[in-house]
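Worksheet for the structure shown next.
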Amino acid sequence: MRKLKEVLRLHSLGLSQHQIARSCCISQSTVHEYVSAAEAAGVKWPLPENWNDRQIEQTLFPQRPAPAVWAQTSGAGLGADPPGTADAQGPDPATGLAGRTGKRPDGYGYSRFCDLYRRWLKKLDLVLRQEHRAGEKMFVDYAGATIPIHDPQSGEVHPAAVFVAVLGASSYTFAEATSGQDLRSWTGSHMRAFEFFGGW
């Protein structure tokens with residue numbers, strides 16, 4: 001619902017639903033849902049100045065419960081926690097979307113989970129600053145998937161591994177493709193990286 005206003009604003013400018021979906025990074029079906037709800041409720045842009053996000057949502061989607069009301073009559077699923085507990089703290093990353101541990105058998109919807117996760121993440125004080133002295137460390141690894149190498153004479157295609165070495169202080173990077181990830185290739189790539197960085 002966070003992009004509801006922007007969807008209505010762009011729609012008023014004459015953009016297609018496809019263009020709005022791309023601009024807001026949401027699905028076209030969500031754009032269609034918002035626009036259809038606004039038309040059914042007779043809501044047009046610009047919105048009244050005194051309307052906040054909750055007012056807009058309740059006007060367009062009166063059948064939906066207020067965000068604080070998640071309890072289901074069975075007491076299980078999305079609303080098993082009373083207002084102000086799990087929703088205020090954020091989703092439990094261990095239970096994820098589907099609540100596989102049994103704490104939330106029905107899980108959260110994707111957008112709700114993302115909202116709660118972002119709120120929860122903002123409360124964490126995560127700083128992982130690493131300081132490296134120049135020339136002290138070189139980080140090495142093979143990068144992701146292999147790349148195809150075409151033999152111009154035979155036309156055969158061989159997979160090549162991409163070796164990457166990065167200096168910690170400057171992020172100066174060396175990369176090369178090798179025929180494999182065996183010990184000979186690994187050692188040879190290190191030697192050529194040292195030569196490239198002038199540290200051999």
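Predicted model only: the values in this text are computed from it and were never measured.
- In this structure, NE2 in His11 is found 9.5 Å from NZ in Lys44, a value given to the nearest 0.5 Å.
- When side chains are defined from C-beta on, Phe163 does not count as touching Gln181, because their heavy atoms never get closer than 4.5 Å.
- The residues Arg9 and Glu6 are annotated as salt-bridged, a charged nitrogen and a carboxylate oxygen being separated by less than 4.0 angstrom.
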### Task
Applying side-chain contact (heavy atoms from CB on, under 4.5 Å), run through Tyr34 and Cys24 and close with a yes or a no.
CA-CA 12 Å; Tyr34 291 175; Cys24 295; over 6 Å; no
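- Every residue was checked against the ring pair (Phe, Tyr, Trp, His ring centres under 6.0 Å) condition with Trp51, not counting sequence neighbours, and none meets it.
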Tabulate below the donor-acceptor pairs under 3.5 Å that side-chain atoms of residues 13-22 make, not counting sequence neighbours, or state none.
residue : atom : partner : partner atom : Å
Ser16   : OG   : Gln19   : N            : 3.1
Ser16   : OG   : Gln19   : OE1          : 3.3
Gln17   : OE1  : His32   : ND1          : 3.4
Gln19   : OE1  : Ser16   : N            : 2.9

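- Closest approach of His132 to Ala169, counting heavy atoms only: O-CB, 3.3 Å.
- Under the rule for a side-chain contact (heavy atoms from CB on, under 4.5 Å), the partners of Val162 that lie at least two apart in sequence or sit in another chain are Ala143, Ile147, Val164.
- One finds the CG atom of Leu47 at 6.0 Å from the CG atom of Leu8 (value rounded to the nearest 0.5 Å).
- When every heavy atom of Ser12 is checked against every heavy atom of Trp45, the shortest pair comes out as OG-CD1, 3.5 Å.
- Between the CE atom of Met191 and the CH2 atom of Trp186 there is a distance of 14.5 Å, given to the nearest 0.5 Å.
- From Glu176, atom CD reaches atom OG of Ser189 across 3.5 Å, with rounding to the nearest 0.5 Å.
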### Task
Test Leu60 against Leu4 for side-chain contact (heavy atoms from CB on, under 4.5 Å), laying out the working first.
CA-CA 10 Å; Leu60 267 57; Leu4 184 51; 3.9 Å; yes
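- Ser23 and Leu10 make their closest contact through OG-CD1, 3.6 Å (heavy atoms, listed as atom of the first residue, atom of the second, distance).
- With contacts defined as side-chain heavy-atom distances shorter than 4.5 Å, the pair Asn52/Ile56 does not qualify.
- Of the inter-residue distances, the one linking Phe139 atom CZ with Ser171 atom OG reads 9.5 Å to the nearest 0.5 angstrom.
- The two residues Gly180 and Ser185 have their closest heavy-atom pair at O-CB, 3.3 Å.
- Side-chain atoms of Thr59 come within 3.5 Å of backbone atoms of Gln55 as a donor-acceptor pair (strictly under, hydrogens ignored).
- Under the 30°/60° scheme for interplanar angles, the aromatic rings of Phe196 and Phe174 are found to be tilted.
- If you chain together hydrophobic residues whose side chains sit under 4.5 Å apart, Met138 and Val166 never meet in one group.
- In this structure, the separation between OG1 on Thr30 and CD on Gln28 is 10.0 Å, given to the nearest 0.5 Å.
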#### Entry: Chi angles and distances behind the side-chain contact (heavy atoms from CB on, under 4.5 Å) call for Leu167, Lys137
CA-CA 6 Å; Leu167 294 182; Lys137 293 179 183 174; over 6 Å; no
